[in-house]
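Hydrogens, waters and symmetry mates are skipped; everything else that's a heavy atom, side chains included, is used.
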Amino acid sequence: MMRAYANNGHCADALELYALMRRGGVLPNNYTFPFVLKACGSHSKPPARGWEVVHGETVKTGFDSDMYVEAALVDAYAKRGQISYARKVFDGMTQRDLVCWTTMITAYEQAEQPQQSLMLLCRMQREESLSPDPVAVVSVASAVGQVGDIKSAKSVHAYSIQNGILGDVCVGNSVVAMYTKCRNLEFARMAFDRMEDKDKISWNSMLSGYVQNGQANEALLLFEQMQDSGCQPNPVTALIMVSACAFLGSRHLGKKIHDYILKNEMKVDITLQNALMDMYAKCGNLETASKMFYEIHPKERDVSSWNVLISAYGMHGRGEEALNLYLQMQEKGVTPNHITFTSILSACSHTRLDQ
C-alpha cells in the first residue's frame, strides 16, 4: 500500500500510512523506507522534522547501511535541495550503483553547481567504470550547457551517438539545449534536424535557443515549420515567440502572435500575460500594454507585472507615470525587487527626474 501511494504521487497518504503503521507498533524494514523517503522527497509540504525522524529511524532499525535505503536518502535530500546532506549520505555509502551516482550528479546540476556534477561524473567513470545511461546523459548535458564548454558538449554528443542513445527523445532534446546554451546554433540545429522523433520540448528548445542568441527571425521561420509539422504549439512556445517579437520590435508580428494565442485558446498565465505586456511596450504600443496591466485582477499581478509597466513608461519617456505606478505598487503591498529599482532609476534618468 505504501508503494502504491508513493509511486502514484499520493505522498501525503503514504506519510500518513507510515505514521499509522508506527503508532500501531509495526516496525519498518528496508522495503518500507525507500517508499517513505520517496514520499518525503516528493511531498510539497513534508511534516515538520520529517527528515530527521525518518532518517533517525533508519539508523535505529539498522537499515541506514542498506544500499537501497541509502540511495533513497540521497534522492530524498537531493529533491528537497539539501545537497550537503545528500552528499554526506552519498560519501558514506559502501556500495553505489548507477542510479545513485546519477541522482547525485543530477542534484548538483539542478542546484546549478555544474562543475561538481561533471567532477562526480569523472569520478564515477574512473572509480566504478560505470557508463552513463540516458538519464545520466540528460543531466550531464545540462551541466555542460551551464558551463558553456563546447568541447565537452561535442564529447557528450559523440558519446550519445556511439552508445546508440541519441534516438531517445529526452537525450536528443538535452543535446539541442546543450548546444544552444554553448551558443553554437549550427550544431544545435544539426542535432535538431537529425532527430527522428520530435516533441514539443524539441521544438521549444530550438526556438528558445534562437531567441536567446539574438536570432529571432530564425525562430519565426522555425515556428512556421513547427505548425506545418503538425506539432501543436503550447503556452511555452507562445512565450518564446512573444519574446522573439519583443526582440524584433515588430508591432505587426506581435499582434499576429497574440491573435494566434487567442484563436487557439491557449492558457494565458501571469508569466505569458507579463510577456505580452512587455512585447507591446517594446513594439511601441504603450496604450495596449497599460490596458493589459489594468485588466489583470489585482490579486493576480506579481512583481514582474508592475516591473514591466514601470519599465515601459520609462522606455517611452514617461517618468512621472512610472514613479506614480511605483507608489501605487507600494500602496498595494507589493514588495519591489532589484529590477523595480533599476526600472525606476532608468525611467527617471530618461525624463531627468533624477536631478
Side-chain angles (χ1 to χ4, degrees), residues 44-45 200-201 203-205 207-208 210-212 216 219-220 223 226-227 232-351 353-354:
S44 58
K45 293 181 180 179
K200 287 181 175 63
I201 296 174
W203 290 94
N204 289 344
S205 293
L207 288 167
S208 180
Y210 277 134
V211 175
Q212 290 175 1
L220 289 167
F223 180 61
M226 179 183 186
Q227 294 172 81
Q232 187 68 28
N234 61 12
V236 175
T237 318
L239 186 62
I240 296 166
M241 297 318 300
V242 166
S243 297
C245 294
F247 179 84
L248 293 170
S250 170
R251 185 179 297 198
H252 167 70
L253 290 173
K255 182 68 168 61
K256 188 177 177 181
I257 288 294
H258 194 181
D259 288 344
Y260 179 90
I261 292 168
L262 297 175
K263 181 182 175 182
N264 288 272
E265 299 180 340
M266 287 187 180
K267 181 183 178 182
V268 180
D269 63 9
I270 192 62
T271 302
L272 183 52
Q273 189 87 340
N274 292 342
L276 284 164
M277 285 165 47
D278 183 59
M279 177 194 73
Y280 277 116
K282 287 176 178 173
C283 292
N285 193 339
L286 179 60
E287 183 182 349
T288 300
S290 179
K291 181 183 175 184
M292 289 184 70
F293 175 83
Y294 287 106
E295 285 176 350
I296 302 172
H297 192 283
K299 290 184 179 179
E300 292 180 5
R301 293 178 196 143
D302 60 11
V303 65
S304 294
S305 309
W306 294 87
N307 289 347
V308 166
L309 193 56
I310 288 170
S311 176
Y313 280 137
M315 197 188 308
H316 289 265
R318 293 162 68 168
E320 286 189 17
E321 288 173 77
L323 194 56
N324 287 334
L325 190 64
Y326 171 67
L327 296 174
Q328 285 181 46
M329 178 184 181
Q330 290 186 308
E331 288 173 6
K332 297 291 184 182
V334 181
T335 304
N337 57 19
H338 68 284
I339 297 174
T340 315
F341 296 122
T342 302
S343 299
I344 280 291
L345 289 171
S346 177
C348 291
S349 64
H350 284 162
T351 49
L353 292 176
D354 58 335

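Here the side chain of S205 pairs a donor or acceptor atom with the backbone of I201 at under 3.5 angstrom. A donor-acceptor pair is defined here as one N or O able to donate and one able to accept, closer than 3.5 Å; no such pair exists between the side chain of D278 and the backbone of N274. At least one donor-acceptor pair closer than 3.5 Å links the side chain of H297 to the backbone N or O of K299.
Residue pairs meeting the salt bridge (charged side-chain N to carboxylate O under 4.0 Å, His left out) criterion with at least one partner in residues 300-312, sequence neighbours excluded, do not occur; the list is empty. Residues in residues 238-259 take part in these ring-ring contact (aromatic ring centres under 6.0 Å, His included) pairs, two or more places apart or across chains: H258-Y280. For residues 322-333, the pairs satisfying side-chain hydrogen bond (donor to acceptor under 3.5 Å, both in side chains) are Y326-Q330, with sequence neighbours left out.
More than 12 heavy atoms of other residues, nucleotides or ligands sit less than 6.0 Å from atom CD1 of I296. The neighbour count for E287 CD, taken as heavy atoms of other residues, nucleotides or ligands under 6.0 Å away, does not exceed 12.
Aromatic pair Y313/F293: centroids not less than 6.0 angstrom apart.
Partners of V303 under the side-chain contact (heavy atoms from CB on, under 4.5 Å) rule, at least two apart in sequence or in another chain, are N307, M329, V334, N337, T340. Every salt bridge (charged side-chain N to carboxylate O under 4.0 Å, His left out) that K255 has, sequence neighbours left out, goes to D259. Partners of T271 by side-chain contact (heavy atoms from CB on, under 4.5 Å), not counting sequence neighbours, listed by chain and number: L239, D269.
Rounded to the nearest 0.5 Å, atoms CH2 (W203) and CD (Q232) are 13.0 Å apart. The structure places CD1 of I339 at 13.0 Å from OG of S346, a figure rounded to the nearest 0.5 Å. L309 CG to M292 CE: the interatomic distance, rounded to the nearest 0.5 Å, is 11.0 Å. To the nearest 0.5 Å, atom NZ of residue K282 and atom CE of residue M277 are 12.0 Å apart.
Of all heavy-atom pairs spanning A281 and A289, the tightest one is N-CB, 4.1 Å. For the pair A219 and V211, the tightest heavy-atom approach, listed with the atom from each and the gap, is CB-CG2, 3.8 Å. Among all heavy-atom pairs drawn from G314 and A322, the shortest one is N-CB, 4.3 Å.
The shortest distance between side-chain heavy atoms of F223 and T237 falls below 4.5 Å. The side-chain heavy atoms of P233 and M226, taken from C-beta on, include a pair separated by under 4.5 Å. Side-chain contact between N204 and N234 is present, with heavy atoms from C-beta onward closer than 4.5 Å.
Checking I240, L220, V236 one by one against L207, the side chain to side chain contact (heavy atoms under 4.5 Å, CB included) holds for a single residue, I240.
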